[in-house]
Number of protein chains: 2
Amino acid sequence: MKTKITLKHIARELEVSISTVSKALKNSSEISADTIEKVQAFAKLYNYRPNNLAISLKSRRTNNIGVIIPDIVHYFFTTVFRGIEHYSKERGYNVIACVSDESLEKEVINMELLANGSVDGFIMALSAETQKKNHFDHLSQVRDYGIPFVLFDRVTDEIECDKVLINDQEAAFLAVKKFIENGRKKIALITTEDYFSVSKGRESGYRQALETFGLPVDEKLILRLPFTDLDNGKVDEFFNTHGIDAVICVNEIFAVHCMNLVQQKGVKVPEEMEFIGFTDGILSKYAKPGLTSMAQHGFKMGQVAAKMLIHRIENTQDEEEEPYRTEIIKSTIIERESTINGITVL
Amino acid sequence: MKTKITLKHIARELEVSISTVSKALKNSSEISADTIEKVQAFAKLYNYRPNNLAISLKSRRTNNIGVIIPDIVHYFFTTVFRGIEHYSKERGYNVIACVSDESLEKEVINMELLANGSVDGFIMALSAETQKKNHFDHLSQVRDYGIPFVLFDRVTDEIECDKVLINDQEAAFLAVKKFIENGRKKIALITTEDYFSVSKGRESGYRQALETFGLPVDEKLILRLPFTDLDNGKVDEFFNTHGIDAVICVNEIFAVHCMNLVQQKGVKVPEEMEFIGFTDGILSKYAKPGLTSMAQHGFKMGQVAAKMLIHRIENTQDEEEEPYRTEIIKSTIIERESTINGITVL
DNA sequence: TATTAACACGCAAACGTTTTCGTTGTATTT
DNA sequence: AAATACAACGAAAACGTTTGCGTGTTAATA
């Protein structure tokens with residue numbers, strides 16, 4: 001087992017000082033060409049690599065970014081993660097990934113753990129519990145220590161920081177508008193419990209569209225589902241009773257699940273009932289019929305979040321704090337067979 | 001902006017030495033009860049947290065695990081990742097996640113980067129390119145430095161190390177056996193290019209089952225698909241010409257895609273054609289009809305991999321090297337509507 | 001009263017870097 | 001010959017910990 005070689009080893013071997021070695025490796029003008037060559041040759045031969053820890057300790061910079069997401073087995077989050085990872089690597093940063101499991105406690109623990117020197121900044125989407133309990137002390141605390149962070153998708157108004165968002169409201173508005181243009185009258189919304197910022201936005205867009213185009217907002221046409229245990233009779237009854245002819249769902253699982261359900265009972269999609277989901281993931285693509293979906297462009301979202309964070313990390317030494325920014329990533333509609341698609345371009 | 005407090009600050013403030021503070025915080029018997037109390041009270045008041053970097057540098061232990069996977073937007077890998085993260089956190093380790101994007105070069109870069117002090121060990125699944133080119137120098141090199149690693153799912157025989165595997169061959173065998181018991185005669189296999197270790201194993205199990213039960217192995221019933229660009233005429237032709245009555249696919253995307261295709265042409269699933277896929281992911285669950293799938297239990301796989309790695313990390317100082325182990329995680333079949341399921345238990 | 005033991009604490013090295021500031025020795029200038 | 005300049009290098013502090021060992025003080029023992 002070869003042992004890792006350090007500056008000290010090179011110095012001893014070449015009978016020069018550690019500082020000389022360090023400078024030689026950086027092509028410092030203080031060092032003669034001879035020595036530089038000798039040192040670099042030796043370093044290359046023995047495959048010298050500087051110890052990241054020592055450099056980080058010295059420079060107070062880790063080049064690590066902490067990413068905390070509620071769930072990793074989730075198309076949207078992994079896509080964002082991919083964007084973050086991609087941009088970060090490009091800029092020489094590693095990504096430390098933590099899963100909060102939708103739990104406030106885990107979110108807090110993870111943050112505290114990483115905040116003590118492991119990470120230069122955070123990118124995160126708040127856990128369900130965090131949003132529900134409105135508890136953000138861990139965020140304020142991290143900020144007090146001068147560690148920057150960027151919130152994406154699941155955000156809060158109570159904390160001022162950089163944010164990356166979807167135009168949820170507008171996207172839902174456009175979806176409903178499309179239904180109305182297709183002549184639909186009984187447009188249902190299937191959403192989650194209302195403590196999610198994204199669900200709120202989408203619901204608001206839904207209501208706004210109905211009002212704008214003069215359709216009544218019927219609360220009975222809004223169904224709130226829990227995350228788990230979808231297959232109960234509640235959904236069945238919902239579809240049986242209200243004469244629904246179009247459905248907008250806040251995620252693709254709800255959409256595909258409901259689409260399957262109504263089809264089993266002989267409803268023709270899209271002829272008799274149209275569907276639009278959010279999150280253009282793998283399910284939307286392989287559903288039968290293919291699910292028209294509001295694509296959230298998670299990859300870009302991740303890139304933008306990483307860019308904002310790294311910018312802040314690298315400019316935080318400057319005296320004047322830049323104001324916080326909120327970037328909006330526009331959703332676009334991906335039309336498939338669950339809606340009737342005219343030739344008109346949106 | 002509060003600045004992070006260190007031992008030095010506490011020492012100065014309390015007019016004791018740094019070592020006293022350090023020892024007091026650890027309840028050392030060298031320190032008087034008075035001092036211990038004083039120090040701990042102060043530390044608590046000012047919310048002291050030791051700097052991870054300094055501790056790592058000193059102890060030569062980072063408590064970080066590097067995870068390198070080919071793709072994060074992939075149900076199986078993320079499930080494994082979740083298992084790794086879950087077990088690691090339990091044992092006080094963080095996870096640094098890197099995506100190789102199926103590229104050998106990125107795999108190498110990521111490993112080299114993390115091997116210089118950022119990580120105590122690796123868990124990885126080899127990239128497609130790595131398996132194709134049979135290039136493993138980066139693995140040998142990391143091992144030479146005494147950094148342990150565990151390979152999962154995408155492994156190689158050329159490197160001796162701890163491994164966690166699926167019983168691919170046996171699983172495929174069982175799938176084919178089920179078809180044969182259901183009276184199927186023309187059983188097709190849809191697989192990837194053959195440089196993937198998993199695909200190899202599954203193909204081998206497929207062949208073995210046919211031979212065992214006295215069915216001819218017809219090479220024309222084996223279709224090899226690339227990862228991308230599925231929707232070409234090749235698949236169509238395949239299903240048109242061979243009188244296929246059952247299909248086993250090495251992943252769920254192939255399965256759902258093909259199932260949709262044949263159904264569109266009026267084939268009844270499962271009556272006229274049965275389907276079994278690998279990877280019991282979200283697609284299998286929400287497909288129409290639900291896809292019978294060989295579940296790979298990625299979460300458990302991740303847990304086992306993390307357990308093996310941490311064990312090796314924490315016992316590596318011992319003189320005697322333990323022999324490398326290979327753990328097999330058994331697949332189980334999840335029966336849904338794409339197969340005809342008797343009452344008989346498998 | 002002199003010796004010893006226990007106690008409570010501090011010093012300093014170490015982990016592997018980077019960087020400022022000296023300190024040499026040689027060459028150039030006046 | 002003295003003063004100056006420069007080139008090439010080393011010493012040491014610093015980042016924030018941990019830890020073996022030395023030291024001073026007090027109390028217990030002979």
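By convention in this document, chain letters (A, B, ...) are assigned in the order of the sequence lines, proteins followed by strands, and residues within each chain are numbered from 1. Just so you know, these numbers come straight off a predicted model, no measurement behind them.
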> Which of residues 32-39 of chain B sit near DNA chain D, with a heavy atom under 4.0 Å from it?
Replying inline: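 By residue number: none to list.
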> How far does NZ of A/Lys58 sit from CG of B/Leu57, to the nearest 0.5 angstrom?
Replying inline: 12.5 Å
> What's the spacing between A/Leu139 CG and A/Ile147 CD1 if we round to 0.5 Å?
Replying inline: 11.5 Å
>> Is the shortest side-chain heavy-atom distance between A/Asn64 and A/Val95 below 4.5 Å?
In response: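 No; the side chains remain at least 4.5 Å from each other.
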> In chain order, what residues pass the side-chain contact (heavy atoms from CB on, under 4.5 Å) check against B/Ser56, with sequence neighbours excluded?
Replying inline: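 Partners of B/Ser56 under the side-chain contact (heavy atoms from CB on, under 4.5 Å) test: A/Leu53, B/Thr62.
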> By side chain to side chain donor-acceptor pair (under 3.5 Å), which residues pair with B/Lys106, not counting sequence neighbours?
Replying inline: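 Residues passing side chain to side chain donor-acceptor pair (under 3.5 Å) with B/Lys106: B/Asp101.
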> Can you name the residues that form a side chain to side chain donor-acceptor pair (under 3.5 Å) with A/Tyr324, not counting sequence neighbours?
Replying inline: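 A/Tyr324: no side chain to side chain donor-acceptor pair (under 3.5 Å) contacts found.
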Atom-to-atom span, [atom1] of [X] to [atom2] of [N] - whole angstrom:
| X | N | atom1 | atom2 | result |
| --- | --- | --- | --- | --- |
| B/Leu14 | C/dA8 | CG | P | 17 Å |
| A/Glu30 | D/dA7 | CD | C1' | 10 Å |
| A/Asn27 | D/dA8 | CG | P | 14 Å |

> Can you name the one residue among A/Arg143, A/Arg312, A/Lys307 that meets salt bridge (charged side-chain N to carboxylate O under 4.0 Å, His left out) with A/Asp162?
Replying inline: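 Checked A/Arg143, A/Arg312, A/Lys307 against A/Asp162; only one passes salt bridge (charged side-chain N to carboxylate O under 4.0 Å, His left out): A/Arg312.
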> Looking at five pairs on each end of the helix from C/dT1-D/dA30 to C/dT30-D/dA1, what is the angle between the two axes, given to 10 degrees?
Replying inline: 80°
>> Testing the 3.5 Å rule here: is there a donor-acceptor pair between the side chains of B/Ser127 and B/Glu102?
In response: no
> How does each nucleotide of nucleotides 12-18 of chain D score, in 5' to 3' order, for protein heavy atoms under 4.0 Å: base (B), sugar-phosphate only (S), or none (-)?
Replying inline: B-BBBBB
> Looking at B/Gln303, B/Arg82, B/Lys300, which hits side-chain contact (heavy atoms from CB on, under 4.5 Å) with B/Tyr87?
Replying inline: B/Gln303
>> Using 30° and 60° as the class boundaries, would you call the ring planes of B/Phe76 and B/His74 parallel, tilted or perpendicular?
In response: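 Ring orientation of B/Phe76 relative to B/His74: perpendicular.
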